**Student:** 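Structure provided below as structure tokens; questions to follow.
Along the sequence shown, the residues carry numbers beginning at 1. One-based numbering, in listed order, for ligands and for the atoms of each. Since the model is a prediction, treat every value here as computed from it, not as a measurement.
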Amino acid sequence: MVLPIVDDTPAVAPQQGRRSSYALRVSLLSACQLDCRYCRPGSVTTPSTQAAWLSPGEHARLAPLLLSRGVRKVRFTGGEPTLRKDLVDVVAAWASAGARELALTTNGLRLPSSLPALVAAGLRAVTVHLDTLQEARVAFVMGPGASVGEARQAMRAARDAGLRVKWNCVVQRGVNDDELGAMLDAAADDGVELRFIEQMNTGSAAGYVKETFVSGHDVVAGVGRLSSSTPRSLTRRHASDPAALWQVRRRNDTGARDVVFGLIASDTEPFCDACDRLRLSAEGRVRGCLYEPGGLPLGAALRGGANDAALGALLDAALDGKRSHHPLAPVLRQPFSMADVGG
Ligand code: SAM
């Protein structure tokens, strides 16, 4: 099933309003050295320019405002956040402001060399994105320069550095859906938690997404077909976690083991009611929903000389106005890429 993008109805989206706590996604840039087939093609969003990126000093100014309003978790993403030369300084700015749960989403290619500095700066968790285990496939799926070996090495290095590690895989029909079992085994071997992700209908790469879409339901069914047991649903660790948890029995030559995996099916099984996401774009726009167009210009206000009270008021407006702009809600929007908004 592929959900339509509704583009001719008024923007009246369900109100979500204030949350008692928030998980913040901080996009650090739109650029990425890879080119996943479902991500950027067809996006009409203008990528952020380097001059517009919030600096570590500007992050240091905004972090206390966001933390005092209930931000508990901060995840740096993009684009590819490790392409920012000042990534360690940005992480340190948030840690100095008191953020404790600091995480990074990355393709892993440039991670190992900066791991010691990132850990010293306060990073606690990493999610590495890898859509196939086959070197012969990876360039087709994720673009030239992608490497299975380097992504897995990055996961192991992060694990050995004491970080919590997750592995994100976007499932694509006829492309990598024959690898679900092999990926579960590889994740268990490496001691990392795999999360299968349903392609989200952002409007970009629309033809590819339509052709290769696999619903979360079909992912679980596929895992069951490739395993020794029917997957069993577990309770989410936190109600606001995007990933539903499943457990399945995997058997190999040496025996059997139960493997837990996550499933993020944002479009077919939306979790808007429990959603506590806030998003800060590279240039400092605040959004309450990935699908929300625009957002409030916190970064521009900061650069325009606004004091903390004025910045706080803008932020409060963003929090009060948090709404679901999910594809199931009728909204006016244009195709965008996760890399531009911060996936
Ligand atoms: N460069 C980093 C990476 O590769 O993880 C961070 C940015 S990337 C946009 C974050 C995540 O978004 C990746 O796991 C990617 O696969 C996922 N993503 C991008 N477009 C998507 C889409 N249309 N649906 C679902 N996931 C998507």
Side-chain angles (χ1 to χ4, degrees), residues 1-3 5 25-43 45 47-48 74-84 87 103-111 114 125-132 138 141-143 145-148 150-152 154-155 158 165-173 175-176 183 187 192-216 219 242-243 262-271 277 279-282 290-291 326-327 333 335-343:
M1 172 175 60
V2 175
L3 297 164
I5 287 188
R25 295 276 160 106
V26 178
S27 176
L28 294 180
L29 77 174
S30 318
C32 182
Q33 71 276 58
L34 299 184
D35 196 13
C36 298
R37 298 183 84 87
Y38 49 79
C39 186
R40 205 185 298 271
S43 164
T45 323
S48 58
V74 181
R75 177 172 292 280
F76 303 101
T77 180
E80 176 48 44
T82 59
L83 295 180
R84 284 268 304 245
L87 172 62
L104 179 73
T105 300
T106 173
N107 57 40
L109 294 179
R110 291 169 65 111
L111 184 67
S114 49
V126 163
T127 299
V128 176
H129 162 216
L130 176 66
D131 288 341
T132 175
V138 73
V141 186
M142 300 179 70
S147 161
V148 175
E150 287 179 48
R152 289 194 70 188
M155 289 188 221
V165 183
K166 289 183 195 149
W167 166 359
N168 272 357
C169 166
V170 176
V171 182
Q172 300 150 67
R173 187 175 303 286
V175 175
N176 65 358
M183 288 196 212
V192 304
E193 188 171 293
L194 181 60
R195 285 135 45 109
F196 291 125
I197 301 178
E198 182 185 272
Q199 289 185 78
M200 291 177 77
N201 183 15
T202 64
S204 59
Y208 181 83
V209 172
K210 188 171 179 189
E211 224 173 88
T212 62
F213 184 81
V214 186
S215 70
V219 169
L263 176 77
I264 304 182
S266 309
D267 280 2
T268 59
E269 296 166 34
F271 36 86
R277 295 287 172 286
R279 292 173 185 273
L280 184 66
S281 74
L290 176 73
Y291 287 102
H326 192 271
R333 64 193 170 82
F336 66 95
S337 157
M338 293 276 246
D340 297 327
V341 178

**Student:** Just verifying a value: how many Å separate Arg25 CZ and Arg277 CZ, rounded to the nearest 0.5 Å?
**Tutor:** 5.0 Å
**Student:** Mind checking what residues have non-hydrogen atoms under 4.0 angstrom from ligand 1?
**Tutor:**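 Residues near ligand 1: Tyr38, Cys39, Thr77, Gly78, Gly79, Glu80, Thr105, Thr106, Asn107, His129, Asn168, Val170, Ile197, Glu198, Gln199, Met200, Met338, Ala339, Gly343.
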**Student:** For Phe196, give me all partners under ring pair (Phe, Tyr, Trp, His ring centres under 6.0 Å), at least two apart in sequence or on another chain.
**Tutor:** Phe261
**Student:** Quick check for you: to the nearest 0.5 Å, what is the distance between Ser266 atom OG and Glu198 atom CD?
**Tutor:**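 The distance works out to 7.0 Å.
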**Student:** Can you list the residues that meet the salt bridge (charged side-chain N to carboxylate O under 4.0 Å, His left out) rule with Arg173, with sequence neighbours excluded?
**Tutor:** Asp218
**Student:** Just so I know, are the side chains of His129 and Leu34 near enough to count as touching, which here means a heavy-atom distance under 4.5 Å?
**Tutor:**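 Heavy-atom side-chain distance check fails, nothing below 4.5 Å.
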**Student:** Looking at residues at least two apart in the chain, or sitting in another chain, which of them share a side-chain contact (heavy atoms from CB on, under 4.5 Å) with Ile197?
**Tutor:**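 Checked Ile197 against side-chain contact (heavy atoms from CB on, under 4.5 Å); matches are Asn168, Val170, Ile264.
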